[in-house]
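Counting from 1, the numbers follow the sequence of the chain as shown.
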Amino acid sequence: MSVINETPQAEVQDSGKVIGWLDKLLALEQRYGVAKILVGIIMLFFMITLTTVAFNPTIIVNAIEKVQQKAHNEGMQKRLAADPIIRSNLAELRLALGASRTFVLETHNGGTNLTNLPFLYIDMTYEDSEPGTLPLETDYKNFRLSRYPFSSELYSCHFWFGSVEQMETIDKELSYRMYTDGTKYMGLMVLYGAYNPCGVLGVIYCNENHPNAEVINIELQKHGARIATLLNNER
């Protein structure tokens, strides 16, 4: 009894198709060369992509929105994780300096003029006060920096400490606000991100008892470096 090996008809047809494709590819390679074939494939890819976008632009819009939403969600998670650390640093700073209040002012762009030049604003986003001291966080929102000459002075020197009376010679309106809030002395330091200022770290005394400016400067630098990193999502 003999056994006859037969190849299924479907396999024979598939093998024939593969050989046919190989013959066509070899013919194209001999006629145009590998480089021209690759260029043609790349051009075909771009044509398909452009055609898809032209007839269905929402694909790009949706993709951009997904990326933006993902970045927003990641930023929110980092902010929520940073909040207790920033507040802890403010509490440590206030106790280290025996201050009445410590706070963080964050810069933001509240709008632009007709030439697209941004207006700069600050918000008091974090605050730590000694018991019995009224909070000020809600009173310092959307402060336009161009309204207060002291902002230019601070930006130039990066650190400032002095009395409300000394501030009056630079900025009468701001010194009056500080006086009505019960402030007698204030220290401020600019916080920097990767490229631009991201805020200000401040310390306030509602009495005459305060360390000298050098000690305040050192403590603001130490805690300011930590807080600036958190504000800029650099953790």
Carefully, step by step, assess T125 and I86 under the rule side chain to side chain contact (heavy atoms under 4.5 Å, CB included).
CA-CA 10 Å; T125 51; I86 293 174; over 6 Å; no
Backbone N or O of I85 within a donor-acceptor pair of the N89 side chain at under 3.5 Å?
yes
Quick one: pull up CD in E168 and CZ in F150 and give me the separation to the nearest 0.5 Å.
13.5 Å
Hey, what do you get for CD1 (I216) to CH2 (W160), rounding to the nearest 0.5 Å?
10.5 Å
On a heavy-atom basis, which atom in L97 and which in E219 lie closest, and how many Å separate them?
CD2-CG, 3.5 Å
Q221 (side chain) donor-acceptor with I218 (main chain) under 3.5 angstrom
no
For K172, does the NZ atom have more than 12 heavy-atom neighbours from other residues, nucleotides or ligands under 6.0 Å away?
no
Any side-chain heavy atom of V104 within less than 4.5 Å of one from I227?
yes
Side-chain (D181) to main-chain (T183) donor-acceptor, under 3.5 angstrom:
no
Do R177 and Y140 meet the cation-pi criteria used here (NZ or CZ under 6.0 Å from the six-membered ring centre, within 45° of the axis)?
yes
Heavy atoms only: give me the nearest R147-P149 pair and the separation to one decimal.
O-CD, 3.6 Å
Please determine whether a side-chain nitrogen of the Lys or Arg among D128 and R94 lies less than 4.0 Å from a carboxylate oxygen of the Asp or Glu.
yes
Reference residue F103; test side-chain contact (heavy atoms from CB on, under 4.5 Å); the match among L93, L201, L188, V203
L188
Y192 and P197: which non-hydrogen atoms are nearest, and at how many Å?
CE2-CG, 3.7 Å
In terms of side-chain geometry, is the basic nitrogen of E130 or R101 positioned less than 4.0 Å from the acidic oxygen of its partner?
no
So OG of S151 and CD1 of I122: to nearest 0.5 Å the spacing works out to 8.0 Å
Hey, could you give me the CG/SG distance between N232 and C198, rounded to the nearest 0.5 Å?
4.0 Å
According to a hydrophobic-cluster definition based on side-chain heavy atoms being under 4.5 Å apart (Ile, Leu, Val, Met, Phe, Trp, Tyr only), do Y205 and V215 belong together?
yes
Ignoring hydrogens and angles, state whether a donor on the side chain of S175 or E173 is under 3.5 Å from an acceptor on the partner side chain.
no
The test is side chain to side chain donor-acceptor pair (under 3.5 Å); show your working for D171 and Y176 and say whether it passes.
CA-CA 9 Å; D171 194 324; Y176 179 74; over 6 Å; no
Just by distance, do the side chain of S100 and the backbone of C206 share a donor-acceptor pair under 3.5 Å?
yes
In this structure, OG1 of T138 is separated from CG of D123 (nearest 0.5 Å) by 11.5 Å
With distance as the sole test, does K184 use its side chain to make a donor-acceptor pair with the main-chain N or O of V164 at under 3.5 Å?
no
ring-ring contact (aromatic ring centres under 6.0 Å, His included) assessment of Y148 paired with F143:
CA-CA 9 Å; Y148 298 96; F143 260 50; 5.3 Å; yes
Side chain of T229, backbone of A225: donor and acceptor closer than 3.5 Å?
yes
Kindly indicate whether the side chain of V200, heavy atoms from C-beta on, has any atom under 4.5 Å from the side chain of T107.
no
Does E127 use its side chain to pair, donor to acceptor, with the backbone of E137 at less than 3.5 Å?
yes
Answer with yes or no whether the side chains of N209 and Y185 bring together a donor and an acceptor at under 3.5 Å.
no
Using the side-chain contact (heavy atoms from CB on, under 4.5 Å) rule, pick out the option among H210, M189, M186 that qualifies with F161.
H210
Quick check on salt bridge (charged side-chain N to carboxylate O under 4.0 Å, His left out): which of R87, R226, K222 does E92 satisfy it with?
R226
Quiz question: by atom type and distance under 3.5 Å, do the side chains of Y126 and D83 form a donor-acceptor pair?
yes
With a 4.5 Å heavy-atom cut-off, do L120 and R144 have their side chains touching?
no
The reported gap from OG in S129 to CD1 in I204 (rounded to nearest 0.5 angstrom) is 8.0 Å
